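Position 1 is the first residue of the sequence; numbering continues from there. Quick caveat: nothing in here was measured; it's all calculated off a predicted structure.
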Amino acid sequence: MKVIITDYEYDSLLPEETVLKEHGIEMEAHQCQTEKEVIEACRYADGIISQYAPISRRVIEEMQQCQVIARYGIGYDSVDVQSASKKGIAVCNVTDYCIEEVSDHAVTLLLTLARKVSLLSNRVKNGGWDFNEAKPVARLTKQTLGLIGFGNIPRKVAAKASVFGLNVVVFDPFVTEAEGVTLVSFDELLTSSDFVSVHAPLNEKTKGMIDEAAFKKMKRNAVIINTARGPLIDEGALVEALRKREIAGAALDVMEQEPPVKDHPLLSMDNVIVTPHVAWYSEESEVELKTKAAKNTAAVLTGKKPAYLVNP
């Protein structure tokens with residue numbers, strides 16, 4: 001049996017190779033970016049492991065013997081799950097490899113914006129030394145953090161944010177009760193929150209959910225944080241909201257297009273922080289992700305149920 005890695009941005013594939021080799025499975029690595037490249041590489045694969053490459057309906061239809069599509073990551077919006085299911089192909093993700101890292105990153109972005117650390121650091125590096133340039137800065141205690149989505153990661157964010165005395169409200173239509181937080185409607189979250197942190201999955205219903213209308217409902221002192229998926233936020237609307245001072249700032253680890261174009265207006269704004277889709281990363285989380293993705297693949301190919309299955 002052969003497993004194709006469609007694309008990757010890691011220095012080593014040793015964890016995957018080790019796991020697959022234990023089961024007598026051959027591994028072949030590519031750097032596919034287009035549907036055509038994926039089809040050419042994976043037409044006769046028994047399984048594939050993918051990072052960002054498009055695993056579309058067209059790609060899946062061309063696969064002759066694929067049994068499993070495993071993703072490096074929690075999200076699986078790059079895979080046409082419906083087409084895979086119709087063809088009897090298991091789709092796997094890894095839901096728990098970076099819970100600590102992403103929640104840490106979200107809280108770090110919140111604190112950096114709240115204390116205007118990035119702004120002040122840049123001012124000092126350019127010869128300034130005046131705390132007044134950060135004004136106004138409000139005390140964190142008793143401010144409100146709104147979490148959009150309440151899965152594993154935002155639950156950790158809530159626990160960590162509570163240490164700073166933040167009041168936490170949550171919008172998640174699939175959660176009916178939660179300890180230590182207040183469940184609210186989407187509109188109530190937008191109007192009441194000083195910090196809005198986005199943790200929803202990306203799908204047809206959530207794409208662009210933070211749009212012009214959403215920004216107009218937010219407080220003028222509010223900031224938005226996104227460590228989930230870039231297209232959850234309408235970036236054109238975000239730029240306008242910042243320019244019109246309808247909100248106070250933004251911190252993004254993900255964007256609609258990655259990497260963004262060099263002249264993207266968000267990159268030149270003092271009240272915006274952008275990091276390169278790194279919230280998931282630590283040395284430990286990378287090894288865990290790669291190992292679990294390979295174990296998912298090997299499990300399916302050896303007739304076992306994988307630990308993480310999107311389409312049971």
Any chance the side chains of [X] and [Y] put a donor and an acceptor closer than 3.5 Å?
X      : Y      : value
Ser282 : Ser285 : yes
Gln257 : His264 : no
His277 : Thr275 : no
Asp253 : Asn226 : no

Other residues, nucleotides, ligands: >12 heavy atoms within 6.0 Å of [X] [atom1]:
X      : atom1 : value
Arg43  : CZ    : yes
Arg57  : CZ    : no
Gln31  : CD    : yes
Lys21  : NZ    : no
Glu28  : CD    : yes
Glu212 : CD    : no
Lys292 : NZ    : yes

Mind checking the [atom1]-[atom2] spacing from [X] to [Y]? Nearest 0.5 Å is all I need.
X      : Y      : atom1 : atom2 : result
Ile247 : Lys217 : CD1   : NZ    : 15.0 Å
Thr291 : Glu286 : OG1   : CD    : 10.0 Å
Asn221 : Gln143 : CG    : CD    : 7.0 Å
Leu252 : Ile224 : CG    : CD1   : 8.0 Å

Using modelled atom types only, decide if a donor and an acceptor are shared between the side chain of [X] and the backbone of [Y] within a distance under 3.5 Å.
X      : Y      : value
Glu235 : Glu256 : yes
Lys295 : Pro306 : no
Arg71  : Val94  : no
Asn271 : Ala248 : yes
Asp7   : Gln51  : yes
Lys219 : Ser192 : yes
Lys207 : Pro231 : no

*Is Arg58 paired with Asp80 through a side-chain N to carboxylate O contact shorter than 4.0 Å?*
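Not counted as a salt bridge, because no side-chain N and carboxylate O are separated by less than 4.0 Å.
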_Check Lys160 with Asp104, please: is the shortest side-chain N to carboxylate O separation under 4.0 Å?_
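A salt bridge links Asp104 with Lys160.
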_Go through it in stages, so that I can follow the logic: the residues are Phe186 and Ile210, the test is side-chain contact (heavy atoms from CB on, under 4.5 Å), and I'd like the CA-CA distance, side-chain angles, deciding distance and then a yes or no._
CA-CA 10 Å; Phe186 184 56; Ile210 312 298; 3.9 Å; yes
Are the side chains of [X] and [Y] in touch, meaning some heavy atoms are under 4.5 Å apart?
X      : Y      : result
Cys92  : Thr297 : no
Thr144 : Val169 : yes
Leu113 : Leu109 : no
Glu133 : Leu119 : no
Val181 : Asn167 : no
Tyr97  : Glu101 : no
Thr227 : Val198 : no
Val175 : Arg155 : yes

Quick one: closest heavy-atom pair of [X] and [Y], and the distance?
X      : Y      : answer
Tyr8   : Ala29  : CE2-CB, 3.8 Å
Phe171 : Leu189 : N-CD1, 3.6 Å
Cys98  : Ile74  : SG-CD1, 3.9 Å
Thr6   : Ala53  : OG1-CB, 3.6 Å
Val157 : Ala106 : CG2-CB, 4.1 Å

_Residues Asp96, Asn152; criterion side chain to side chain donor-acceptor pair (under 3.5 Å); working and verdict_ = CA-CA 8 Å; Asp96 58 359; Asn152 292 329; over 6 Å; no
Taking a hydrophobic cluster as the set of Ile, Leu, Val, Met, Phe, Trp and Tyr residues connected by side-chain heavy atoms closer than 4.5 Å, whether directly or through intermediates, do [X] and [Y] fall within one such cluster?
X      : Y      : answer
Leu120 : Val223 : no
Leu140 : Val137 : no
Val278 : Ile225 : yes

*Pairs involving residues 22-48, ordered by first then second residue, that meet ring pair (Phe, Tyr, Trp, His ring centres under 6.0 Å) (sequence neighbours left out)*: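 Residue pairs passing ring pair (Phe, Tyr, Trp, His ring centres under 6.0 Å), neighbours aside: none found.
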*In the hydrophobic cluster built from side-chain contacts under 4.5 Å, what are the other members alongside Ile89?*
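So far as hydrophobic clustering goes, Ile89 is joined with Ile4, Val38, Ile39, Ile48, Ile55, Val59, Ile60, Met63, Ile69, Tyr76, Val79, Val81, Val91, Val310.
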*Verify the ring-centre separation between Tyr72 and Tyr52: is it less than 6.0 angstrom?*
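Tyr52 vs Tyr72: aromatic centres not under 6.0 Å.
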*Report the C-alpha distance between Glu100 and Lys156 in whole Å, list the side-chain angles of each, state the deciding distance to 0.1 Å, and finish with yes or no for salt bridge (Lys or Arg N to Asp or Glu O under 4.0 Å).*
CA-CA 7 Å; Glu100 295 294 348; Lys156 281 285 186 179; 2.9 Å; yes
*Check the pair Asp130, Arg123 against salt bridge (Lys or Arg N to Asp or Glu O under 4.0 Å), reporting the backbone distance first and the verdict last.*
CA-CA 8 Å; Asp130 184 3; Arg123 291 288 192 271; over 6 Å; no
*Before giving the answer on side chain to side chain donor-acceptor pair (under 3.5 Å), spell out for Lys125 and Asn122 the whole-Å C-alpha distance, their side-chain angles and the decisive distance to 0.1 Å.*
CA-CA 5 Å; Lys125 287 178 179 179; Asn122 289 335; 5.0 Å; no
